[in-house]
Amino acid sequence: MSDKPAHSNATEAKLVPEVVISEQALQKAEEFIEAEEGAANKLRGWLGVLVTTLAVVMSVFHLYTAYAIVPTQTLRPIHVGFVLVLCFLMFPIASKYRHRIMWWDWLAALLSIVVVVYLIMGGDDFTDRNTLPEFWDVVLGIALIVMVMEAMRRTNGWIMPIITMCFILYALYGPLLPAPWTHKGYAVGRLVGVMYMTLEGIYGVAVDVSSSLIILFTIFGAFLQYSGAGKFYIDFSFSAMGGKPTGAGRTVVLASFLLGGPSGSGVATTVTLGSVAYPMLAKAGYERNAAGGLLAAGGLGAIISPPVLGAAAFLIAEFLKISYLDVLLMAVIPTCMFYLALFLMVEIDARKYGMGENAFDKVDTVWNLTKNYGFHFLSLVSIIAFMMWGFSPVLSVFWATVVSFLSSFLRRDCALISYDLFQGKGSFWPLLLKSPFMKAMEGGSVGVLNVAATCAGAGIIVGVVTLTGLGLKFSSIVIDYAGGSLLLTAIFTSLVVWIVGLAVPVTASYIICAVIAAPALIKLGVPDFAAHMFIFYYAVLSEVSPPTALSPFAAAAITGGDPYKTTLQCWKYTIPAFLVPFMFVLDPSGQGLLLMGSTKALANADWVSIAQVTATCAVGIASLAVGFQGWALLKTTFVERWMFIVAGFALVYPAAIADLVGFGLVLLALTMQFIRFKNNRSLI
């Protein structure tokens with residue numbers, strides 16, 4: 001990394017004029033959210049009422065299925081049907097048709113309903129003939145595949161449909177390929193039978209998770225948003241971290257954790273936080289690109305932070321057949337390491353660039369905010385509490401949503417339904433329809449559309465991989481290239497996941513690589529949960545990797561910085577934490593200690609070893625932070641800087657000799673720093 005200061009000094013910070021974020025900047029940032037979630041129509045009149053009603057009905061249906069038993073073969077198709085209908089009505093076929101619904105949109109929406117009704121009415125007979133489908137089975141199956149790819153295109157762009165089509169062509173024309181990629185090939189009818197008529201294709205694991213968990217968490221996040229929880233989390237962070245040299249950076253780190261944890265969206269967290277926090281960062285002395293990099297890094301933490309961890313975390317639980325609570329427990333230490341890296345980076349920033357006191361006023365005291373609005377924390381804690389009590393993840397988020405709804409009435413300004421409705425002031429239906437409650441119910445369904453469409457498309461990919469045995473072929477190829485080396489296999493796997501992540505969203509990247517890349521690590525003795533968490537973390541890198549670096553690009557739109565320089569700054573803040581996943585898979589004990597051992601037997605976990613590995617990892621992250629920043633007690637020399645970097649890499653590699661080398665280099669570099677620091681002070 002360059003030693004060129006990324007920030008102005010404290011004196012200059014006090015001269016920074018009042019920073020105002022323009023409407024154009026916010027609009028540009030919103031475009032990046034649309035790039036991630038799709039550019040939805042803004043419909044008015046009866047069309048707006050119709051779409052809102054459909055979205056609310058979808059939320060009501062899924063809240064009902066959380067508490068009532070609905071057969072899987074019914075729930076998944078209905079979920080996909082809702083998603084397709086809303087995608088075709090809310091997302092135009094092209095930008096010039098935006099904010100209106102064309103006749104082909106109505107036709108596609110109607111066909112989506114026909115496909116689902118045909119499947120459900122067919123019953124067991126329909127499923128049983130999947131190997132020899134009838135004419136209308138094939139016609140409607142092809143229509144479903146085409147509509148799923150079109151829904152992905154409308155919500156996520158062209159790349160996912162193109163990748164999906166490549167997998168379909170591989171299934172059809174695999175016999176024409178050379179070994180080891182070849183397979184016996186499958187006819188259209190056989191392929192459609194798997195994708196449409198079984199629970200192994202479009203209606204597979206990904207859609208199962210989308211229909212049972214992801215949508216419930218988006219509804220929960222919408223309830224928090226419209227009850228004012230997001231604003232409280234930001235205000236709380238400002239007050240808790242204000243008035244110190246590192247207050248600006250610390251505020252972003254803490255607020256991104258509180259705000260991003262429930263949302264699970266990196267871009268949305270970056271934009272929401274950036275619109276409030278950038279003026280404060282500018283006053284503290286952060287230049288545009290550095291401020292944007294820190295905001296994007298904080299937003300990235302939203303995807304790996306409990307209680308949501310992004311949609312891919314639910315898929316981990318389903319792929320591994322473990323509880324979602326286990327996934328949360330696995331994420332605890334890595335999440336702490338990620339935020340430790342960010343906190344260290346902002347601490348070093350303050351010392352490196354001589355930042356003074358922050359020039360911003362607290363919204364209120366921490367005590368007053370907690371006393372008046374602290375009930376918003378209850379919603380976050382309740383999810384974990386319900387799961388620890390023995391509730392399933394589905395019921396846990398359902399009851400947490402109920403808690404969020406009821407607790408909103410503790411203050412009039414947070415109530416999801418106006419007090420006037422209960423006091424008879426005004427008409428019942430107009431007050432209800434305009435209430436934050438209805439907006440939350442609508443937002444919960446709309447917020448899941450892009451992820452759900454991706455899950456349906458990923459189901460096609462998973463179906464092809466399962467049908468053709470591509471996953472086993474790919475893992476054998478990777479292991480052969482790596483010569484059987486676990487380290488090289490891990491490096492190759494991380495590169496594969498990263499490259500795939502450059503083109504597709506996090507959820508799709510994880511699903512694709514979980515079925516084609518994870519088997520290579522598992523074959524070499526890596527625990528399955530460690531392999532999947534490794535892939536998940538590197539899939540998350542897609543959020544900060546061009547050409548899909550949506551979080552840094554959105555942050556740059558707010559700060560007015562250069563998108564690519566902002567991306568580099570974001571990498572500077574996050575790269576120490578993203579070396580941690582190698583400790584998941586290279587653990588010589590074979591237990592994934594950094595993930596708290598085998599999550600199926602936490603009671604018998606080796607807590608001493610876990611504490612030792614965690615402490616070693618923390619020192620390694622601190623060493624990398626110092627090395628990448630080029631500053632500890634004072635500016636590092638060339639030799640000291642590389643000593644810290646080498647030490648960080650050595651400590652991340654879980655081996656006794658590497659740890660001894662790492663700790664030795666850290667102690668030696670710190671001693672050299674301390675001697676120079678004392679000599680410099682004696683000269684003053």
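You'll find the side chain of Ser382 stays beyond 4.5 Å of the side chain of Trp399, heavy atoms only. With contacts defined as side-chain heavy-atom distances shorter than 4.5 Å, the pair Leu86/Phe91 does not qualify. Residues Ser210 and His79 are in side-chain contact: their nearest non-hydrogen atoms beyond the backbone lie under 4.5 Å apart. Residues Glu318 and Leu315 form no side-chain contact, since every pair of their non-hydrogen atoms from C-beta on lies 4.5 Å or further apart. Residues Tyr324 and Ile316 are not in side-chain contact: their nearest non-hydrogen atoms beyond the backbone lie 4.5 Å or more apart. Side-chain contact between Leu325 and Pro393 is absent, with no heavy atoms from C-beta onward closer than 4.5 Å. In this structure the side chain of Leu395 never reaches within 4.5 angstrom of the side chain of Met387, judged on heavy atoms. Between Leu300 and Tyr573 there is no side-chain heavy-atom pair separated by less than 4.5 Å.
Between the side chains of Asn156 and Thr454, at least one donor N or O sits under 3.5 Å from an acceptor N or O. For the residue pair Tyr373 / Asn368, no side-chain donor-acceptor distance below 3.5 Å is found, with atom types taken as modelled. Looking only at atom types and distance, the side chain of His62 has no donor-acceptor partner in the side chain of Ser211 under 3.5 Å away.
The structure places CG of Leu50 at 9.0 Å from CG of Leu43, a figure rounded to the nearest 0.5 Å. Between Met58 atom CE and Ile219 atom CD1 the span is 8.0 Å, to the nearest 0.5 Å. Between the OG1 atom of Thr574 and the CD atom of Gln569 there is a distance of 11.0 Å, given to the nearest 0.5 Å. Rounded to the nearest 0.5 angstrom, Leu254 CG and Leu342 CG are separated by 11.5 Å. In this structure, OG in Ser59 is found 11.0 Å from CG in Leu54, a value given to the nearest 0.5 Å. Summarising the geometry, atom OG1 belonging to Thr218 is positioned 11.0 Å from atom CG belonging to Leu213; distances are rounded to the nearest 0.5 Å.
When each of Leu449, Thr155, Ile215 is checked for a side chain to side chain contact (heavy atoms under 4.5 Å, CB included) with Val83, only Leu449 meets the rule. Results of the side chain to side chain contact (heavy atoms under 4.5 Å, CB included) test with Val49 over Val51, Thr52, Thr53 single out Thr53 as the only residue that passes.
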| ring pair (Phe, Tyr, Trp, His ring centres under 6.0 Å) between Phe398 and Phe220, worked out | CA-CA 8 Å; Phe398 171 82; Phe220 171 67; over 10 Å; no
| query | Could you go step by step and tell me if Phe338 and Val580 meet the side chain to side chain contact (heavy atoms under 4.5 Å, CB included) rule? | reply | CA-CA 9 Å; Phe338 180 85; Val580 171; over 6 Å; no
| Step-by-step side chain to side chain contact (heavy atoms under 4.5 Å, CB included) determination, Tyr64 to Val70 | CA-CA 9 Å; Tyr64 167 77; Val70 176; 4.2 Å; yes
| request: Before giving the answer on side chain to side chain contact (heavy atoms under 4.5 Å, CB included), spell out for Met441 and Leu63 the whole-Å C-alpha distance, their side-chain angles and the decisive distance to 0.1 Å. | output: CA-CA 10 Å; Met441 292 291 281; Leu63 288 172; 3.9 Å; yes
| task | Given ring pair (Phe, Tyr, Trp, His ring centres under 6.0 Å), test Phe584 with Phe529 step by step and report yes or no. | result | CA-CA 9 Å; Phe584 302 168; Phe529 62 86; 9.3 Å; no
| said: Is there a side chain to side chain contact (heavy atoms under 4.5 Å, CB included) between Arg250 and Glu347? Walk through the geometry before answering. | reply: CA-CA 8 Å; Arg250 286 177 174 177; Glu347 291 284 344; 2.3 Å; yes
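In plain terms, the two heavy atoms of Pro552 and Thr566 that are nearest each other are O-CG2, 3.5 Å. The heavy-atom pair separating Arg288 from Gly560 by the smallest distance is CD-O, 3.8 Å. Heavy atoms only, all atoms of each residue included: Arg411 and Asn372 are closest at CD-O, 2.9 Å. Tyr339 and Ser256 get closest at one heavy-atom pair: CE2-OG, 3.7 Å. For the residue pair Ala555 and Thr270, the shortest heavy atom distance occurs at CB-CG2, 3.7 Å. Leu369 and Ser239 make their closest contact through CD1-OG, 3.4 Å (heavy atoms, listed as atom of the first residue, atom of the second, distance).
Judged purely by atom type and a 3.5 angstrom limit, Ser435 has no side-chain atom pairing as donor or acceptor with the backbone of Ser418. Between the side chain of Ser404 and the backbone N or O of Ala400, no donor-acceptor pair lies under 3.5 Å. Looking only at distances, a side-chain donor or acceptor of Tyr233 sits under 3.5 Å from a matching main-chain atom of His376. Although no hydrogens or angles enter the test, the distance criterion places a donor-acceptor pair under 3.5 Å between the side chain of Ser227 and the main chain of Leu224.
Using bins of under 30°, 30° to 60° and over 60° for the plane-to-plane angle, the ring pair Phe82/Phe61 lands in the tilted bin. Between Phe236 and Phe232, the angle of the ring planes lies from 30° to 60°, which puts this pair in the tilted group. Ring pair Phe391/Phe386 is tilted by interplanar angle, where 30° to 60° counts as tilted.
Every ring-ring contact (aromatic ring centres under 6.0 Å, His included) that Phe437 has, sequence neighbours left out, goes to Phe223, Phe405.
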